[in-house]
Structure formats: C-alpha cells, structure tokens
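Residue numbers start at 1 and run along the sequence shown.
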Amino acid sequence: MVKNYHSCHNADIKNHEMHTSEEYEMQTKHQEEQKGDVNHNSTEDIFTDIGLGRWHILPILIAFLYQAASPTQLIGSVFTNIPLDYKCVSITDNTSTYDNVSITENTSTYDNVSITDNTSTYDNVSITENTSTYDNICKDSEDLIISCSKFEFNHTVFKSTFTTEFELICDKSWISNLYQVSVTIGLSIGSLLGGIGDRWGRLAVIRVGALGCLVGVLLVGFGPNVYLILVGRLLTGLFCNILNVSSFTLAIENIPTNQRSMMSIFIIVGYQISTILLGIISYFLQYWRMLHLAISCYIYLIVVLIFFIDESPRWLFQNGQIEEGIALLNKIIKLHKSNKKVTDFSNFIDECKQKDKLKERNTKEHNPCIKLKQNISVFFKNPAMISISITTPIIWFITGLVYFGVPLNAHNFTDNPFIYMVLIGVVEIIGIILGGIVLVKFGNIRTCAVLFGTTGSCFLFILPVPEQIWWLKWILILIAMMSISVCYTICYIMASELYPTEVRATGLGICTFSCFMGFILSSMLSETVSKYSGWVFHLICSASCFIAVMLIVCLLPETRGEPLCETAEDVAERRKKLWNKT
C-alpha cells in the first residue's frame with residue numbers, strides 16, 4: 001500500500017508540474033500575441049493589419065497609368081517619326097549666278113551690246129521632275145552639288161510624320177534623330193531627379209511630374225516649329241520619369257507584404273497592354289500629331305487623379321510628420337472599414353516621435369546640402385547597402401540594353417511594325433503572367449536568374465541559325481523577349497524591396513537611369529554595329545545576360561515575403577537574418 005501510495009503521489013506531482021508548465025506556456029504565448037498586437041514595428045505591420053483596400057486604388061491606378069504612358073513616349077517614335085521613302089521633285093541650282101557668262105561691249109556705239117552665254121554648265125535650272133521611284137536620293141547627281149528644294153514622300157503607310165512635316169532629311173536628318181534623342185535625355189535626367197521624392201515627399205513630386213509631363217505633351221502636339229517640339233519632347237521625358245519613380249514608390253511601399261509582388265506585376269503589365277494598343281491605334285491614326293495626342297491620353301487621366309491622392313504614410317512617419325501620418329491612418333482605417341484604431345499603433349507612433357527628436361538633435365535637417373550628403377552616404381553605410389547600390393544599377397543597365405533593343409529594331413525584323421508591336425505586347429503579357437506564377441513560388445532571385453539565363457541562351461542559339469530557317473529565329477527572339485520582360489518586371493519589384501524607405505525613391509531613380517543608359521547603348525548598337533555584323537548585337541546581349549545571372553545569384557538577397565526596410569541599419573539586419581537562415 002505504501003508503494004502504491006508513493007506511486008500515486010509521484011504521478012500527481014508530475015501531472016501538476018505538466019499542468020503548470022502548459023499553463024505557463026499558454027500564458028506566455030498569450031502575452032506574446034498581445035504584445036504582437038500592440039507593438040507594431042513599422043508601417044509594414046500596420047498595413048498588414050489594415051489590409052489592402054479602397055485607399056490603395058488611386059496610388060496603384062496612377063502607377064499603372066504611368067506604365068501605360070511609358071511606351072507611348074519612349075518607343076512611340078517608331079510610328080510618329082517612322083522613316084518614309086522619298087524622292088526629289090524640285091532642284092535648286094545654287095551656282096547659276098555669274099556662271100560662265102561673257103559680255104563683249106562695242107565701244108563705238110553705246111547701244112550695241114553683244115552677249116555671249118556659255119551654257120555648258122547647268123545654268124538657271126528651275127524645276128526638274130524626278131519621275132523615278134522613291135529612291136531616297138538627296139541630289140540630282142553624284143558629280144554635281146545640286147540640292148533638292150522640294151521632296152515627295154511615300155504616304156502609303158502614314159500621311160504625315162515629324163520628319164515629313166518639316167522635311168528633315170538629307171542635310172537636316174540629324175534634327176529628325178533628335179526627336180528620339182531628346183526624350184531619352186529627358187528620361188535619363190528625370191531618373192536622377194526622381195530621388196527628390198525622398199526629400200520633398202512622394203505626393204508633391206508626383207504632382208509636379210504629372211503637370212510638367214502634360215506641358216511637354218501639349219508642346220509636342222501643338223508646337224509650330226521644330227525647336228518647340230524638341231523642347232516638348234525633352235520636358236516630356238524629364239517630368240514623366242520624375243513621375244514614374246515617385247508614383248511607383250508611393251504605390252508599392254504601402255502595400256501589405258504578401259500582396260506586393262502581385263500588385264507590382266499588375267502595375268507593370270500596363271506597359272505591355274499599352275504596347276498592344278499603340279500598334280492598333282497607330283494603324284488607324286496616320287497623322288503624327290493626332291496620333292501623339294491620342295496615345296498620350298494616359299497622361300491626361302493622371303493629371304486629373306493627382307488631386308485626389310494622399311501622401312505616403314510610410315514617408316510621413318519616416319520623415320517626422322507624425323500628426324499628418326496619424327490623420328492619414330484614421331482616414332485609411334475608415335475607408336477600409338477596419339476594426340483597428342490608431343491607438344492600437346501607439347507604440348509605433350511613440351517610437352517614431354522619439355526617432356524624430358533624436359534626428360533633430362543630431363542633424364541639421366534645414367540644410368539641404370547636409371541632407372543630400374546624408375542621403376548619398378546611406379548607399380555606402382554598410383556592406384549590405386554597398387552590395388545593393390553597386391549590383392542593382394548594373395543589372396538594370398543590362399535589362400535596358402536587352403529589353404529595349406528588340407522593339408526598337410522593329411524595322412529590321414519586319415516590314416509591318418503594327419503587327420510586330422502587337423505581337424511583342426502579347427508575348428510580354430503571357431510571359432509576365434507565367435512569370436508571376438513562378439515568382440510567387442520560387443522568389444525573386446531564382447526566377448530572375450533563370451530567366452536571364454534563358455534570354456542569354458536564346459540570343460546565343462540565334463547565332464548559328466541560317467537565314468533560311470527564319471521561323472526558328474522568330475521563336476528564339478520571342479522567347480527571349482518573353483523572358484526579359486519578366487526580368488524587367490522583377491527588377492522593379494526587387495529595387496523597391498531592396499532599398500530602405502529613406503532612399504527608396506533615389507535608389508529606384510538611379511536604377512532607371514542605368515536602364516536608360518542601356519537603352520541608349522542598345523540604340524547605338526542597332527544603328528551602327530548591327531548594320532555590318534548582325535551577330536554582334538546578339539552576342540553582346542547574350543554575354544550581358546550571363547553576367548547578370550552571376551551578379552544576382554552571388555550578391556543580392558531574396559526579399560520575397562520580407563518586410564520593407566526603413567533604414568540602412570534594417571538592411572544590414574535583414575542580410576544577417578537571411579544569412580543565418582542559410
């Protein structure tokens with residue numbers, strides 16, 4: 001009995017200890033859950049709780065509309081300034097005065113004047129009709145310097161273009177080239193200026209960019225002379241890319257983590273949809289000014305919407321505008337009909353206030369030069385930021401080189417640019433949809449590396465294919481275009497996730513600048529190297545893609561499903577966390 005008593009007593013003690021341990025674990029877990037509900041470390045946690053809702057519609061829509069506007073301005077010149085064949089119909093002789101004419105004067109009388117005219121040279125030529133086909137010849141003869149004063153253009157495809165309206169051919173052809181160059185320069189400069197959204201706020205920069213872009217569009221559409229049109233193109237590129245950087249940043253940085261990738265894909269697919277519509281609309285509108293104003297409709301919609309959107313709450317809290325951030329959070333909670341209250345985020349708000357006070361004591365926020373210097377130093381603050389700051393611009397450069405090189409060479413692939421542009425847009429949409437599915441499962445790094453490798457392989461396999469097997473070249477080009485379009489989309493997602501809030505707009509601006517540098521190089525290669533050796537461009541694209549694979553795999557962290565970083569210190573912590581996982 002004693003033995004049984006002790007056994008029962010020991011069993012009761014063990015049961016009591018197990019019961020107490022379970023209660024303690026449940027109580028600890030409950031306290032941690034309560035603590036997790038109250039202490040929100042960032043706006044990432046706040047929007048995860050509030051969720052995606054009505055407030056996000058306008059920022060996402062504006063970012064989508066800009067992506068739709070981008071191809072109309074960037075590659076729209078394929079139609080608005082399409083090269084048309086021409087022939088000379090009127091010749092002006094600049095050497096007709098004092099041309100081998102001798103005068104003999106009879107001095108006996110003053111009224112007998114004898115004039116001997118040597119007409120061996122072309123003297124007093126007024127109009128010569130060139131009845132040949134459109135031969136694109138600027139002079140009547142290679143041996144004689146006789147220029148055309150009037151040309152006739154082949155208007156079978158287009159009734160008018162920028163070049164035909166002002167007859168920018170022959171010795172004026174360099175002005176025609178400025179139509180594309182000016183917008184590219186503007187886009188490049190706008191990429192660098194897009195970072196001012198980190199200083200002045202996303203909303204102010206979006207409004208300035210949209211209004212400036214509208215002014216540029218209208219100057220191009222109604223400009224009475226070449227110079228105003230080129231200024232308009234420069235302004236369009238400049239302000240549109242300022243709008244691009246801040247609008248995409250505002251939309252993405254306030255979307256909950258688990259929905260950010262899909263929303264990014266939705267925004268960027270506006271580019272491909274607009275590319276398809278560009279080919280269709282251009283087929284029906286054959287006057288370049290009407291076409292330009294029609295395809296710029298996205299800009300008009302953006303200008304209307306910019307007066308109804310709010311500032312980024314993440315930017316407000318990061319930059320010490322706490323009261324404005326609280327007011328905006330209240331508005332968002334009401335719009336989303338959430339059961340959350342601002343008081344639920346009191347710990348996060350108090351932390352922001354403390355950081356702001358510390359920042360005011362340690363820095364001179366009123367000095368823009370000091371602020372600029374601080375922003376630049378963020379990119380090199382720790383090894384994690386250095387790796388991102390060097391690697392991402394190189395990858396964007398390679399993406400711009402390959403992605404824009406294919407559509408800009410439309411005339412080298414086919415005689416029908418309309419079908420080509422529509423086909424490119426369709427292929428890109430299919431690629432982005434499939435890429436989005438793969439992206440959600442495998443993440444940014446692996447997906448991007450595989451697709452860059454696929455693109456490089458396609459360009460490499462094109463080299464030995466003979467001209468007779470043209471259909472195989474087309475298949476390889478379309479696969480390459482499908483793959484690089486997904487890479488272009490992922491680059492946007494990665495850049496917005498890799499850079500912290502304090503320099504996110506600046507980082508994205510630097511990346512887009514690098515992309516347009518790749519675009520410029522691609523244009524130069526297509527106009528020079530490709531004319532003499534078509535395989536050179538394919539080889540350069542292939543090698544560049546394989547370089548991108550190595551950089552992505554070796555130097556960039558996986559950010560899918562990770563919260564956005566607020567500061568450079570958060571980026572370093574994220575790197576340590578990811579390394580510990582591996």
Side-chain angles (χ1 to χ4, degrees), residues 59-71 74 187 190-191 194-195 197 202 206 240-255 257 259-275 312 388-389 391-404 428-429 431-433 435-436 438-440 443-445 447-449 451-452 455 482-501 503-519 548 551-552 556-560 562 564-565:
I60 291 174
L61 181 58
I62 289 175
F64 174 86
L65 287 173
Y66 172 77
Q67 292 297 323
S70 183
L74 185 60
L187 287 166
S191 301
R202 319 299 193 211
I206 287 173
C240 277
N241 222 16
I242 290 175
L243 169 64
N244 169 35
V245 173
S246 289
S247 63
F248 189 82
T249 304
L250 172 60
I252 293 303
E253 69 181 4
N254 296 296
I255 293 176
T257 306
Q259 295 163 316
R260 189 182 303 127
S261 294
M262 294 310 298
M263 285 297 100
S264 299
I265 291 173
F266 169 77
I267 289 171
I268 296 171
V269 81
Y271 186 100
Q272 286 71 35
I273 294 173
S274 177
T275 301
S312 166
I388 292 169
S389 302
T391 306
T392 49
I394 296 174
I395 294 172
W396 275 73
F397 176 85
I398 294 171
T399 305
L401 172 68
V402 180
Y403 180 72
F404 292 111
E428 286 189 39
I429 289 178
I432 289 174
I433 292 173
V438 175
L439 178 66
V440 171
N444 299 333
I445 299 300
T447 304
C448 200
L451 291 173
F452 263 118
T455 305
M482 184 184 297
S483 301
I484 197 63
S485 64
V486 182
C487 293
Y488 181 74
T489 303
I490 297 175
C491 281
Y492 261 101
I493 298 172
M494 286 199 302
S496 62
E497 293 180 345
L498 287 170
Y499 289 102
T501 301
V503 291
R504 182 168 294 117
T506 305
L508 187 58
I510 293 171
C511 288
T512 53
F513 173 79
S514 301
C515 182
F516 286 116
M517 291 298 101
F519 162 67
L551 292 174
I552 291 169
L556 292 182
E558 178 59 67
T559 56
R560 183 179 64 88
E562 296 291 330
L564 295 182
C565 297

Quick one: pull up [atom1] in [X] and [atom2] in [Y] and give me the separation to the nearest 0.5 Å.
{"X": "Glu497", "Y": "Leu556", "atom1": "CD", "atom2": "CG", "result": "12.0 Å"}
{"X": "Ile493", "Y": "Ile268", "atom1": "CD1", "atom2": "CD1", "result": "5.5 Å"}
{"X": "Thr257", "Y": "Leu564", "atom1": "OG1", "atom2": "CG", "result": "6.5 Å"}
{"X": "Thr455", "Y": "Ile484", "atom1": "OG1", "atom2": "CD1", "result": "4.5 Å"}
{"X": "Leu508", "Y": "Thr249", "atom1": "CG", "atom2": "OG1", "result": "5.0 Å"}
{"X": "Ile62", "Y": "Ser247", "atom1": "CD1", "atom2": "OG", "result": "7.5 Å"}

Work out which heavy atom in [X] is nearest to a heavy atom in [Y]; give both atom names and the distance.
{"X": "Arg560", "Y": "Gly443", "answer": "NE-CA, 3.1 Å"}
{"X": "Val245", "Y": "Ser191", "answer": "CG2-O, 4.4 Å"}
{"X": "Ile267", "Y": "Ala251", "answer": "CD1-CB, 4.0 Å"}
{"X": "Leu250", "Y": "Pro59", "answer": "CG-CB, 4.3 Å"}
{"X": "Cys491", "Y": "Thr399", "answer": "SG-OG1, 3.6 Å"}
{"X": "Met262", "Y": "Gly436", "answer": "SD-O, 4.4 Å"}

Measure the shortest side-chain to side-chain distance between [X] and [Y] over non-hydrogen atoms and say whether it is less than 4.5 angstrom.
{"X": "Arg260", "Y": "Ile252", "answer": "yes"}
{"X": "Phe452", "Y": "Ile395", "answer": "yes"}
{"X": "Asn444", "Y": "Ile552", "answer": "no"}
{"X": "Val269", "Y": "Phe64", "answer": "yes"}
{"X": "Val486", "Y": "Val438", "answer": "no"}
{"X": "Asn241", "Y": "Phe513", "answer": "no"}
{"X": "Leu498", "Y": "Pro557", "answer": "yes"}
{"X": "Ile60", "Y": "Ile255", "answer": "yes"}

Verify, without hydrogens or angle tests, whether [X] (side chain) and [Y] (backbone) share a donor-acceptor contact under 3.5 angstrom.
{"X": "Thr501", "Y": "Cys565", "answer": "yes"}
{"X": "Arg202", "Y": "Gly197", "answer": "yes"}
{"X": "Glu558", "Y": "Ile445", "answer": "yes"}
{"X": "Ser274", "Y": "Gly270", "answer": "no"}

Audit row: Met517, Leu401, side-chain contact (heavy atoms from CB on, under 4.5 Å) steps and yes/no: CA-CA 8 Å; Met517 291 298 101; Leu401 172 68; over 6 Å; no
Chi angles and distances behind the side-chain hydrogen bond (donor to acceptor under 3.5 Å, both in side chains) call for Ser485, Glu428: CA-CA 6 Å; Ser485 64; Glu428 286 189 39; 4.6 Å; no
For Pro393, the option from Ile398, Ile388, Ile510 that meets side-chain contact (heavy atoms from CB on, under 4.5 Å):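 With Pro393 as partner, side-chain contact (heavy atoms from CB on, under 4.5 Å) holds for just one option, Ile510.
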Exercise: do Glu253 and Ser312 side chains pair donor with acceptor under 3.5 Å: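 Glu253 vs Ser312: donor-acceptor pair found between side chains.
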Verdict with reasoning, Thr506 to Tyr499, per side-chain contact (heavy atoms from CB on, under 4.5 Å): CA-CA 9 Å; Thr506 305; Tyr499 289 102; over 6 Å; no
Ring geometry between Trp396 and Tyr492 (parallel below 30°, tilted from 30 to 60°, perpendicular above 60°): perpendicular
Parallel, tilted or perpendicular, as decided by the 30° and 60° cut-offs, for the rings of Tyr403 and Tyr271: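 Tilted.
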